[in-house]
Every structure is written in structure tokens, then in C-alpha cells.
Number of protein chains: 2
Amino acid sequence: MDGERAPVMADVARIAGVSHQTVSRVLNDHPNVRDRTRERVLAAVRELGYRPNAAARTLATRRTRTLGVISFNTTLYGPACMLYGIEQAAREYDYFVTVAAVGTLDRRSVLDAVDRLRNQGVAGIVVIAPQTAAVGALANVPKDVPLVAVGCGAHTALVSVAVDNEAGAGLATSYLLDLGHRTVHHLLGPRTWLDAQEREAGWRAALEKRGAPVPEPLAGADWTARTGYEHGRRIADDPGVTAVFCANDHMALGLLRALQQAGRRVPEDISVVGFDDMAETEYFGPSLTTVRQDFDELGRRALHALIEIVGDPDSGIPASGRRPHIVIPPSLVVRASATRPRHRTESPT
Amino acid sequence: MDGERAPVMADVARIAGVSHQTVSRVLNDHPNVRDRTRERVLAAVRELGYRPNAAARTLATRRTRTLGVISFNTTLYGPACMLYGIEQAAREYDYFVTVAAVGTLDRRSVLDAVDRLRNQGVAGIVVIAPQTAAVGALANVPKDVPLVAVGCGAHTALVSVAVDNEAGAGLATSYLLDLGHRTVHHLLGPRTWLDAQEREAGWRAALEKRGAPVPEPLAGADWTARTGYEHGRRIADDPGVTAVFCANDHMALGLLRALQQAGRRVPEDISVVGFDDMAETEYFGPSLTTVRQDFDELGRRALHALIEIVGDPDSGIPASGRRPHIVIPPSLVVRASATRPRHRTESPT
DNA sequence: TCCAAGAATGTGTGCGCTAACAATTCGTCA
DNA sequence: TGACGAATTGTTAGCGCACACATTCTTGGA
């Protein structure tokens, strides 16, 4: 293909008139290289357009500067953002990121992804795969593979970085209750997701704490606008529902749409609150009150945690610290989709 | 850290009672290995939990099985999907994918990303960075780096895989014209994006072909719902506008919202068509008629193109073929957001 | 029975780099 | 001026694997 082979360290050494080891020293910022020598070497490097061979370095040092990311579906807003945050942070530490997407979330796929990444020789892995099954499978991974789970809820055996789902759900639920709603219905995410479970728990806890009745949560949704829509049609027919907390924004969108089609007004007839604060929620009809989670930050924090475990000699971070769970507080973004109920049935203020 | 070192080929060889070379043969599916020997080797591999050292293999073979992806913003729907498609396809060919996200799109960032990837020794690069600036910068990359641009419009000097933006825009525009609109307004994407340019060209061509007046396109938007919203407020005040073709779905969402707030009904008063067909468009209010592009497929095709250039010996694909541009036809997805104009001002059918 | 051709396996070497150690140079103080 | 220690540079030996070649073992036909 290409005429001549890429220059190697020996070539640089010859041109600079030094030994290859000196070149290595310059490239790795070792002390005890005379300034003049260093400059000669760097000049030679530039002249040749030399670039070190990563594989050779890896082989010699027995350590890679690449990290793996396993992601269930990078197409979803949250995972996509987290991936972005991870990559950003990795760059700062001078690590590469290789991704392994898994199509389905059975144990096998997940373990398979772990395997592929290990074959490539990654130094550690961040998992964006918030399902219970995935987490279960991950528990079987040999402990010599540094592993951090991100956005997967906090109740896992793994080192994890996550938003505080329960607190977020509590925020949303309390907000609706404060508005004067007698109770708040909940459009569940898929129960196989830890986030969904935790949000449900937070919702339930908030209700119970306030002594509000706890209605049966609306189950069977899968995070998509489509299932939100389907539930919305049913809710529209139920005059008892005045407030709905949706486990994510996509479903809220579908719900909003169904209610609108059925002639139920939001927020006048029914208040809706979502979760995630994806970029477009502000422009839903009406703009959606939702719980914001900073996915970017989540990704970054996950990477930091991983680096900390891997132990980056260049950053002076000890390879020791054990920090099982990092929890990031979410915040409520108030927009137009929720308000006080029109016909207050009790407790007039 | 871990007590003993990972097993190497020699360990396997010893246990299986063969030479390391035979182990290598088994692992690389070479012919001329007796079945019994192969089994002994594989048993030893399993027993030891041996996994080949990728770095060593790379060093010895002088070729990596990793590909790089440069992406401007994996947070957007399109790029996220393409990345997913790329990873999927890469896995089939047994390649790894490492991502390099760039925050801004100046030449420097892009070239920087290329550099990082080359340092890591990737065999080739897929670029998801549809801006003119990026493409310009890429033209400077040494030609010995296999490079494929994806979703960046077709008018580039690079090997590219893209949806046919002009055809898609034509589809949308003609559809609105066929409905009876006198003309179609266009909410432009950012002019620095090739997709935006091509969509504008397609819109303009369709209009001219039909002899319809060509209004000044609505400029200054940036793909986000926010700018779509801003333009929407202005459009709402303009009774002359009966049909709008938006350069993407996000902007269409903002537009829809603004129109609704202003009391203009869609599609009765104004018809709207988008571009992309992202997952939620069906649940916009009203559900959006849009031009679908199959991002996933785009990503997969890009990867195939790259593999073809890189030349994968294991797949029997020759390292020769030059295929500058691959264009994928888009399709129109008809939903509720567009209809015939209410007050037809001319050409009664 | 023997030999040639081919199948099956083993041996040696180098990929490009870093780590450990050896050798050299330099400065400085007695 | 000489010598000693620190700073600087060079030398050697792998890291784990695949390739080229050498060697041994099977066949099958004369």
C-alpha cells in the first residue's frame, strides 16, 4: 500500500544523533535529558513526522491507555449524553474510549461485550446498562476488571455513579402534591430497569409520607413515546386522574399527545411531570415540567471513578480508593405542564 | 495488583504439549492442524482462561483491528444513531471502534481528533461531522489514512455515505405543492452544514421546477427546537405562509409549538414537514409528516465502505475499490402535520 | 519395501518500544 | 590537578505474538 514504512524510534535516534533510549526518554518526559539533546530529538521527531507505536508501547509497559464503554442503546438521549461525557473526561486523562454496544440486554450479550473489551485489552470498563439483568450479569465478571456502572441506579453491587432517582421522583411527586392534587399517578418505566424501580419507590415514598392514597402505578411501558401515548388514551377516560408523574420525558410526550387528542387539557385538566429534561421538553405542548439529570456530568464522574480504580500513575491518583456509590442530586425544572387542580375536591386552602 | 500474570501463548503450548506456533495456528484458524491437536490446544486455552494479547498481535502483524469514529456531537439523534450503526457493523467484521468526540468544529479540533486516533493506531476513520469546515479540514489529512465521511452530504472530496438530501427536500417540497400550496417556505438549517445546504438546494430546485415562487428561506437557525420556536413566532404573524418545510424535526417541533401558542392551527392554517423522522415525531402535536433517513443504515454502510478501503483480508474484500459517494434514498413519511391549504388562492382543481 | 510429496509441527527471528543496568560525561571540591 | 558523585547517555534484554523457514511425520504409489 504505502511506499515506505512509518518511521520508528531508531530512525529518530539516528537523525538526532542519539540512542533510541534517549528518544524514548524525551517522549516520555523523563528528567535528566539535557535541553539541547531534547530539542535535537524533538526536531528529528517533527522532521520525520514520527509517531510512537501504541501497540509496542502497550506491549512493553503492559498497560493500555484505553477504556471500554458498554452501552445498551446509545440512541437514547441519556446514554448518548453519558457517552459524550465519558469521552470528554477520558480525553483529559489521555485515555482512549472504545465502545461496545449491546443490542439486547440478556446476560449473554452483556458478558459478551465485556469479553470483547477484555480481548482488546482495555484497562477498565464503564457500563451504561441500567437494567437489572445487566447488573446481575456484571456481578459475575472477574474482579480484576475495573468496572463502573453509570446511570444505573444506586442499588447495585458495583461501583456506580447515578442520579438520585428516588429523590428526583420525590421532588416531582411532592411538587404535584403541593400544588393541591389529592394524589399523583405514576407512569412506570419498564420494571427491569433499576431507574424505573427507584423512581417508583421515590414516588411511592413521597405519597406515603404525605398520607396521600397510592394508586396502582401504570405499568407496561417501555420508555418510548408510543407506550406513553397508549397509556394516555386510557388516562384520558379516567376523570379521577388529575396528576401524572411519568418516569421519563419520552413517555410524557406520548401521554401529552394522547390527552390532547382526547380533548383533555394540560395542565388545566391534568398535570404532567416528566423525568430527564431532554433538550426538547421545553417545546412540548405544553412545555414539560420535569426532573433534570445532568447526564454529561454523570458520564464524567463515572470516568473519574474508573480512573481512580484503574489508578493513573500520571495523575497521581492512587490505585486504591473504593467508592461504591456516587449519587448526584437531580433538580426540578418547572415549566407549564403542571398546575393546581381545577376542581379541588378537598382540603381547600 | 493481581497476583500472577495472565497466561501467554507459551503457557498454553506447554500444557497442550505443543509448540507456541501450533497454538498460534489453532487460534488463527490455519489449516493443517490435526483435529486432535487442535482440541488439545483449545482445552488448554479454556483451562488457563487464556486470551491473546491484542497489543502483541498488532505489533507482530502491523495491523490493528480498531477503527476510529470522529463525531461532532453524539448527543444529537442522527449522530447517535449513526454511531450505533457503525459499532454494530464493526462488530460483525470483528473490529473495535474507538470514538473521538470533538466539541467545536473548527479545523483544529477536527485535525486534533484525527491525530489522536492515528496515535492510537486505528486502521481507518469514519467521520460524523457534517460541517463544511470539518470537511475542509479533512481534505488536508494525509491520504494514507483511510477516511470515510458519513451523513455529511454528498458534495465532498471525501469518500462519503449520505442520504440524498436534495431528493429528500424535493420529496417534501413537491408533496406540499401537490397538496395545493402556492409555494413552500423553508426553515434552513445552519448554512455551515452540508446537509442544510443540500436540503435548501433540493427545496429550491423543486420549487423552480414547478414554477412556484421561491420565498426567502428562513435563516439563522441551528437545528434546535429553540430556534425553530423563534422562527415560528415570526411565521405565525405572517398570513402569507401556508406551508413550511423544516430542515430537521427538532426545529419543526419548536415551530409547531410556536404556531400553536399563537393560535395558528396545524395543518389547517399552516402545513409543516420536517426531516429526519426521529423516534418521537409521531407524537408531536400534531404528528409530523417528515422525510425519513435511516441513520442506522447510514452508519453501517459507512463502515462497510471503510472496511472496503482498509481491505479486510479475512473477509476477502480487496483493498482496492474506490467508491467516492454512496447515496441512500430517503422516503417521505406522511402523517398529520400537512394538508391542503384552507383558502386556496389560485389554481382551483 | 522404499521413496517422494504433502501434511503436520517446531525453531528462530523481529515487530517497536520501555525498563534495568552499564558506561560515559560533567561539574565541583579538596 | 585529581577524584568523586551526580547528571547524562548508551546497551541489552525482553514484552507476546506471527511469519518464514526447517524439520518431522504421514501417506500412497511404484
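A, B, ... follow the sequence lines: proteins, then strands. Residue 1 opens every chain. When reading the values below, keep in mind they use all heavy atoms of this one structure, side chains included, and skip hydrogens, waters and symmetry mates.
Checking B:P52 against B:R25, the closest nucleotide of DNA chain D that is more toward the 5' end is the one next to B:P52. With DNA chain C read from its 5' end, the first of the two nearest nucleotides for B:L59 and A:T61 is the one closest to B:L59.
Residue A:T58 is classed as having no contact, given no heavy-atom separation below 4.0 Å to the nucleic acid.
Per the geometry, CZ belonging to B:R36 stands 9 Å off P belonging to C:dT9, to the nearest Å. A straight line from CG of A:N53 to P of C:dT18 spans 10 Å, rounded to a whole angstrom. Summarising the geometry, the separation between CZ on B:R57 and P on D:dC17 is reported as 9 Å, rounded to the nearest angstrom. For the pair B:N119 CG and C:dG16 P, the interatomic distance rounds to 16 Å; values are reported in whole Å. Following rounding to the nearest Å, A:H30 (NE2) and D:dA6 (P) show an atom-to-atom distance of 20 Å. Atom CZ of A:R14 is separated from atom C1' of D:dT9 by 18 Å (rounded to the nearest Å). To the nearest angstrom, P of C:dA8 lies 9 Å from CZ of B:R38. The distance between atom CZ of B:R5 and atom C1' of D:dG14, rounded to the nearest whole Å, is 10 Å.
Taking only side-chain atoms of A:R62, from C-beta outward, the nucleotide of C:dA8, C:dC17, D:dG16 with the closest atom is D:dG16. Comparing D:dC15, C:dA19, D:dT9 against the side chain of A:A60 picks out D:dC15 as the nearest. Each of D:dG16, C:dT18, D:dT9 was ranked by its minimum atom distance to the side chain of B:A56; first place goes to D:dG16.
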**Message:** Does B:R36 form a salt bridge (Lys or Arg N to Asp or Glu O under 4.0 Å) with B:E39? I'd like the steps, not just the answer.
**Reply:** CA-CA 5 Å; B:R36 269 192 43 227; B:E39 277 160 29; over 6 Å; no
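Remark: A:I15 pairs with A:A44, A:E47, A:L48 by the side-chain contact (heavy atoms from CB on, under 4.5 Å) rule, at least two apart or across chains. In this structure B:A60 satisfies the side-chain contact (heavy atoms from CB on, under 4.5 Å) test with no other residue, sequence neighbours excluded. Residues satisfying the side-chain hydrogen bond (donor to acceptor under 3.5 Å, both in side chains) criterion with A:N28, sequence neighbours excluded, are A:S24, A:R57.
For C:dT9, the OP1/OP2 oxygens have no side-chain nitrogen or oxygen of B:N32 closer than 4.0 Å.
Stretches of at least 3 consecutive Watson-Crick or G-U wobble pairs, with each checked distance under 3.5 Å, appear in DNA chain C as C:1-30 with D:1-30.
Taking a 4.0 Å limit (strictly below) on heavy-atom distances, residues 15-23 of chain A reaches DNA chain C at A:H20, A:Q21.
The closest donor-acceptor contact from the side chain of B:T64 to the backbone of B:G121 lies under 3.5 Å. Not one N or O on the side chain of A:R51 forms a donor-acceptor pair closer than 3.5 Å with the backbone of A:V8.
Residue pairs meeting the side chain to side chain donor-acceptor pair (under 3.5 Å) criterion with at least one member in residues 102-112 of chain A, sequence neighbours excluded: A:T104-A:D106, A:T104-A:S109, A:D106-A:S109.
B:R118 has no carboxylate O lying under 4.0 Å from a charged side-chain N of B:D115, or vice versa, which leaves the two without a salt bridge.
Using modelled atom types, one finds a donor on one side chain and an acceptor on the other under 3.5 Å when comparing B:Q120 with B:T98.
With A:V12 as the fixed residue, the side chain to side chain contact (heavy atoms under 4.5 Å, CB included) test singles out one of A:L42, A:V45, A:T22: A:V45.
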